[in-house]
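Since the structure comes first, as structure tokens, the remarks are kept for the end.
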2 protein chains.
Amino acid sequence: MSRRAETTELAVLGLLDESPMHGYELRKRLNLMLGWGRVLSYGSLYPTLKRMLRASLIEEEVVSPLPATRRLRIVYRLTDDGRAQFARAMSEVGPTAWEDESFGVRFSFFSRTDLESRLRVLEGRRTRLQERLERVQTQLERTQKEVDRYAEELQRHGMESVEREVRWLSDLISAERNGTPMPRDEQTTRETGSSTTATTTGES
Amino acid sequence: MSRRAETTELAVLGLLDESPMHGYELRKRLNLMLGWGRVLSYGSLYPTLKRMLRASLIEEEVVSPLPATRRLRIVYRLTDDGRAQFARAMSEVGPTAWEDESFGVRFSFFSRTDLESRLRVLEGRRTRLQERLERVQTQLERTQKEVDRYAEELQRHGMESVEREVRWLSDLISAERNGTPMPRDEQTTRETGSSTTATTTGES
DNA sequence: GTTAGCATGTAAGGAGTTACATGATTTT
DNA sequence: AAAATCATGTAACTCCTTACATGCTAAC
């Protein structure tokens, strides 16, 4: 019903689409998946699960694990609605799809989407990063007077990181287009011919 | 009074410590500084300023800009309390100091701290990143069975980014220790001898 | 003339965290 | 014997975003 993108929910849908799981395990997988940003807390996960339950996206089943003395586990499983919702969310590529968190989650589930959606997400993200680079560069030119050494160094490092991600995305995009699903080469980081900053690489 | 680290507040203190400014300009500088993560909205900045005003960290002065038809601007200036608070916050290097956002802000203001504080922040951040790497690596080894191609590629890219930042930090740390304030060389990214992942580089 | 930038704010709401509550089991 | 991990949850709170409200000025 609600068209809220809500990254956590998408992640849960995707993980449960692979296989049913209980909350604790879900959190572990989630943290591994998002890993490099936030670490999701129970105070966030459990209420999300309850909400999804109310929305009939998932169903619960209480399971008593074999050494029966252990705490009960509640295993969650996708409903047909949930599965449909996941498919819809993955193909509806809106501008939220290229935000840091959301991008990571979508990327993780790329195997379960079609080429077209993948390309739209990859290209959308790349465009967004390139815009960020341009904006920061023009702003730096205007404010160039008082440049603190450290502030500048941080800026430089940030830019390099973003440029690196742009190259990574460009490599992935070519790989997708060539039908080569993944650059099987570890040296993705080298100069790949993709001009780092300037190219606007107009999309389809 | 409140010992809340609150990154936004620290950033405002630091910027106003450089020179008085009005809200709009503050936001621009803030966005340039944090730039690569969030972009701060007015709905966040103005209430923060009001709060800091109530806490007597800053003072306001209404200024009518020269083409008098323009909107009034409210210029904020640090009080002595505010200046003291900034100095205290910058030297009190707690574990929050190596969180992404907070780290960036502190780093930007490094010129206004002593060598010791700088080293503690840099080393703290490096240790934290190395812990993250180790945790993810051990977890990957345990969950290694069902490795989705895309999920794995994202993981790999994330790891490389973090390793890159660790090298960057290591270079900065050596530079600080050698009295060379900054690696004036652009090729910081190359192999610098700093072993990427394994070294725990026990701190002082 | 219309878009972008200048300039300050408020109200409602979203997404998540920390701390609390509880307790068994496995590893070191 | 202590520490980590398994396991589920709630209440209070924080920080931030979006949308609204208002209006002028510079650049294209």
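Lettering follows sequence order; numbering is per chain, from 1.
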Legend entry - Presence of A/R71 side-chain N/O under 4.0 Å of D/dC6 phosphate oxygens OP1/OP2: no

Legend entry - d(CG, B/N31; C1', C/dG5) in whole Å: 14 Å

Inset, instruction - Report yes if at least one side-chain N or O of A/T8 is closer than 4.0 Å to OP1 or OP2 of C/dG16; otherwise report no. - result: yes

Inset, instruction - Check every atom of C/dT18, D/dC16, D/dG9 against the side chain of A/Y46 and return the nucleotide holding the closest atom. - result: D/dG9

Legend entry - Length of the line joining A/Y24:OH and C/dG23:P, which is rounded to integer Å: 18 Å

Inset, instruction - With the side chain of A/L40 defined as its heavy atoms from C-beta on, choose the nearest nucleotide among C/dT17, D/dT8, C/dG9. - result: C/dT17

Inset, instruction - Between D/dC16, D/dA7, C/dT8, spot the one nearest the side chain of A/R73, thanks. - result: D/dA7

Inset, instruction - Could you tell me whether the phosphate oxygens of C/dT17, OP1 or OP2, come under 4.0 Å of any side-chain nitrogen or oxygen in A/S41? - result: yes

Legend entry - Length of the OH-P vector between B/Y76 and C/dT8, whole Å: 7 Å

Legend entry - Check: B/S44 side chain, B/L40 main-chain N or O, donor-acceptor pair, under 3.5 Å: no

Inset, instruction - Determine the contact category for A/G43: base if any of its heavy atoms lies under 4.0 Å from a base atom, sugar-phosphate if only primed atoms, P, OP1 or OP2 are that close, otherwise nothing. - result: base

Inset, instruction - Figure out the CG/P separation between B/L45 and D/dT18, and round it to whole Å. - result: 15 Å

Inset, instruction - Indicate yes or no: at least one non-hydrogen side-chain atom of A/W98 is less than 4.5 angstrom from one of A/E123. - result: no

Legend entry - Value in whole Å for how far the P atom of D/dC16 lies from CG of B/L30: 10 Å

Legend entry - Check ion pair B/E160-B/R164 (N to O, under 4.0 angstrom): no

Legend entry - A/Y42 side-chain N/O to D/dT8 phosphate OP1/OP2 under 4.0 Å: no

Legend entry - Length of the CD-P vector between B/E99 and D/dC16, whole Å: 14 Å

Inset, instruction - Just say parallel, tilted or perpendicular for the rings of B/Y150 and A/F107, cut-offs at 30° and 60°. - result: perpendicular

Inset, instruction - Compute both the distance and the angle, then confirm whether B/R73 meets the cation-pi test with B/Y24: under 6.0 Å from the six-membered ring centre, within 45 degrees of the axis. - result: no

Inset, instruction - Counting heavy atoms from C-beta on, name the nucleotide in D/dG9, C/dG16, D/dT17 closest to the side chain of A/S44. - result: C/dG16

Inset, instruction - Determine the contact category for B/V39: base if any of its heavy atoms lies under 4.0 Å from a base atom, sugar-phosphate if only primed atoms, P, OP1 or OP2 are that close, otherwise nothing. - result: sugar-phosphate

Legend entry - Interatomic distance where NE2 belongs to A/H22 and P belongs to D/dT5 [whole Å]: 15 Å

Legend entry - C/dG5 phosphate, OP1 or OP2, under 4.0 Å from B/K28 side-chain N/O: no

Inset, instruction - Specify the separation, in whole Å, of atom CD of B/E25 and atom C1' of C/dG5. - result: 14 Å

